[in-house]
Each structure stands twice: as C-alpha cells, then as structure tokens.
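Residue indices begin at 1 and follow the sequence shown. This is a predicted model, so every value here is computed, not measured.
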Amino acid sequence: MAGRKDGQDRGKLGGGLFITSAVIIFLVVVLGVFVVVTKDDDGKGSSAAGNGTAAPTAAPASGGSSGSSNGSSSATSKPADGSCTPTDTDMKVPTTAPKDVTWELVNSTALPRSKSAGPMKLDGLSAGCYAHTPRGALMAAINGYYRSIVALPDSKPMQDMLLPGPGRDALLDGAKKITQPIPPGDVAQMSGFQMVTYTAETAVVSLVNGQQNGGTLKVFQVTVRWSDGDWKVAPADDGHLQSSSSAIPDMAGYVQFGGL
C-alpha cells in the first residue's frame, strides 16, 4: 500500500497528503484525477487531490423537477438504432439513494448499476446506455469517472465514456504514459452524492468518497453532458476529469450512497 508523509506543500497536489505510488502520483499530477489511498503503513487514512485549490462545498440540491435549458431534448431520447432502452422517466432531482441499484466490484472499486437508469450495457470495463433523467446522469457521472480511472492502463473506457474534445484528447495522451494498473484498494470508495444542477443537456454532480470515521471524506464535482443519445463525462479542456476536491467533516447535505 502506498505510504504517506506529512507536509504543507501547496503545489500540484493541492496541499493534500502525499503518496508514493508512481501510478497514483501520475494520475493526480498529470491527469488531474482525485485518488484516495485508504490506508497507509500506520493504518491511517490518506488522500491526494489534483487541480490546485479546493473548491467550496456546493449547497444541497433541491428536490424539484428540472427541465431542459432550451427545450430541445426529451426524457425519452434514444440512439437512432433504438438499442438503448432504460425505463427510468423520473425527472425529479434525487435527494435519496436510488432503490433499484446493485453494486459491482470493478477492479476493487464498488460501482452502482440501476435496473431502470443504467448503465444498461457493459463492454469490458466501459459502461453506457443511461436514462435521460437525473438518475441516469448520476449513474453516468459515477461510472464514467471511476471506470476511466480504475481501467488504466486500458484507455478504452476513457475513450468510450468521455465527451470528445480537447479534454478527452489530453487525458488519452496522458494515459499512454501509464503502464501499470492502480494497486487494489488505492482508490477511495463512493460514500455519497449531491445533484448540483440538472438540465436535459448538462448535469453537475458532487461525488463524495472516503470514510467519515477515518476523516478522509472528500467532495468534488463531475460534469456530464447528453451527447449522441447518452450521458458522457465532460472533462475540462485542460484534461481534468473533475473540479478540485474539498475536505468535508461529515455527510451533512449529501445523500449517503456506497457499496462498501
């Protein structure tokens, strides 16, 4: 397991804690992803966060309905071939954990799969076919973010689940430098979420991972966009998968949602 050393460095690791795994250091510094080492040699939790200064915690999302920003999309949009048929049609922003979810271990990381909201299709470690609803966007944010990371050095999930553009190009270019997988247990498990904003075209989701009893809870935001009949994670143009992370003391204001 990767070790930790204490310090107050405010460089690219964003003043977080430090880890020695070459793979994780590359993920944090070059790809800008958020990775948590669940235990160090002393049995204490540790973490690392990419992308500079931590972003503030978002206010709790309301539970009301949300609509399209321009009225051009509908909740029943599907690929032209009709192959994707999730059944979720609930347009209310979720303020409780989805009830029809099973959790599957994907390279030692527990990820959710909703019977109604998706992902309905798996191709290796890639996942797709989500409902065009807030719950579909939530499932896509979690699966798209985590699978892109835990699949490395296989970059196919990143290619499949990220929105095409300069951000994905930068991430794929950086992924070519990774030649070994992330050690099992070195990625923090999901603990909760909060839907920050939702329209039929774009959703922003706060994801919480880490452990409250270990003092390692972190929150960061992932953006997904509706493109070609499915939700895709939309990385920043500079190749960061998410916003900066912020430490939180507890789960107040967030929906508890985790498989382990």
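Atoms OG and CG, from Ser245 and Asn209 in turn, are 8.5 Å apart once rounded to the nearest 0.5 Å. Rounding to the nearest 0.5 Å places NE2 of His132 at 11.5 Å from CG of Asp88. Interatomic distance, OG of Ser227 versus CG of Leu163, reported as 5.0 Å (0.5 Å rounding). Taking CD1 of Ile178 as the start and CG of Asp154 as the end, the distance is 11.5 Å to the nearest 0.5 Å. To the nearest 0.5 Å, the span separating CE on Met120 from CZ on Arg113 amounts to 7.5 Å. Taking CG of Asn143 as the reference point, atom OG of Ser148 lies at 10.0 Å (rounded to 0.5 Å).
The side-chain heavy atoms of Ser155 and Gln159, taken from C-beta on, include no pair separated by under 4.5 Å. The side-chain heavy atoms of Pro134 and Lys92, taken from C-beta on, include no pair separated by under 4.5 Å. Side-chain atoms of Pro181 and Pro153, non-hydrogen and from C-beta on, do get closer than 4.5 Å to each other. The shortest distance between side-chain heavy atoms of Val255 and Pro94 does not fall below 4.5 Å.
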Before giving the answer on side-chain contact (heavy atoms from CB on, under 4.5 Å), spell out for Ile149 and Leu241 the whole-Å C-alpha distance, their side-chain angles and the decisive distance to 0.1 Å. CA-CA 10 Å; Ile149 297 169; Leu241 275 173; 4.0 Å; yes

side-chain contact (heavy atoms from CB on, under 4.5 Å) between Leu217 and Val208, worked out: CA-CA 7 Å; Leu217 288 179; Val208 180; 3.9 Å; yes

Before you tell me yes or no, could you show the steps for Val106 and Leu125 under side-chain contact (heavy atoms from CB on, under 4.5 Å), namely the whole-Å CA-CA distance, both residues' side-chain angles and the distance that decides it to 0.1 Å? CA-CA 8 Å; Val106 180; Leu125 294 186; 3.7 Å; yes

Between Leu152 and Met158, does the side-chain contact (heavy atoms from CB on, under 4.5 Å) criterion hold? Intermediate values first, please. CA-CA 9 Å; Leu152 293 170; Met158 191 177 285; 4.2 Å; yes

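Residue Glu104 places its CD atom among more than 12 non-hydrogen atoms of other residues, nucleotides or ligands, all under 6.0 Å distant.
Scanning both residues, Ser206 and Tyr254, for their nearest heavy atoms gives CB-CE2, 4.2 Å. Considering all non-hydrogen atoms of both residues, Gln256 and Ala97 come closest at O-CB, 3.7 Å. In terms of heavy-atom proximity, Ala188 sits nearest to Tyr146 at O-OH, 3.3 Å. The heavy-atom pair separating Pro235 from Leu171 by the smallest distance is CB-CD1, 3.7 Å. Heavy atoms only, all atoms of each residue included: Leu138 and Pro98 are closest at CD2-CG, 4.2 Å. Summarising the geometry of Leu162 relative to Lys232, their closest heavy-atom pair is C-CB, 4.1 Å, with the distance given to 0.1 Å.
Distance alone, capped at 3.5 Å, places no donor-acceptor pair between the Arg225 side chain and the Glu201 backbone. A donor-acceptor contact shorter than 3.5 Å links the side chain of Gln194 to the backbone of Gly253. Judged by distance alone, with hydrogens and angles left aside, the side-chain atoms of Asp230 form no donor-acceptor pair with the main-chain N or O of Gly128 at under 3.5 Å. Proximity of a side-chain donor or acceptor of Asn107 to a complementary backbone N or O of Val150 within less than 3.5 Å is detected. Judged by distance alone, with hydrogens and angles left aside, the side-chain atoms of Ser243 form a donor-acceptor pair with the main-chain N or O of Gln221 at under 3.5 Å. At distances below 3.5 Å, not a single donor-acceptor pair connects side-chain atoms of Lys218 with backbone N or O atoms of Leu207. A distance-only check finds a donor-acceptor pair linking the side chain of Ser191 to the backbone of Gly210 [under 3.5 Å]. Under the 3.5 Å distance criterion, the side-chain polar atoms of Gln189 are matched with a main-chain donor or acceptor of Ser108.
If you chain together hydrophobic residues whose side chains sit under 4.5 Å apart, Leu111 and Met195 fall into the same group. Using a 4.5 Å cut-off between side-chain heavy atoms of Ile, Leu, Val, Met, Phe, Trp and Tyr, with links allowed through other members, Met161 and Val204 fall into different hydrophobic clusters. Note: the hydrophobic cluster containing Leu122 does not contain Val101 (ILVMFWY, side chain heavy atoms under 4.5 Å, direct or indirect links). A continuous path of Ile, Leu, Val, Met, Phe, Trp and Tyr side chains, each step under 4.5 Å between heavy atoms, connects Met91 with Phe193, placing both in one hydrophobic cluster.
Applying the salt bridge (charged side-chain N to carboxylate O under 4.0 Å, His left out) criterion to Arg135, with sequence neighbours excluded, gives Asp90.
Of the candidates Tyr130, Tyr198, Tyr145, Tyr198 is the only one forming a ring pair (Phe, Tyr, Trp, His ring centres under 6.0 Å) with Trp231.
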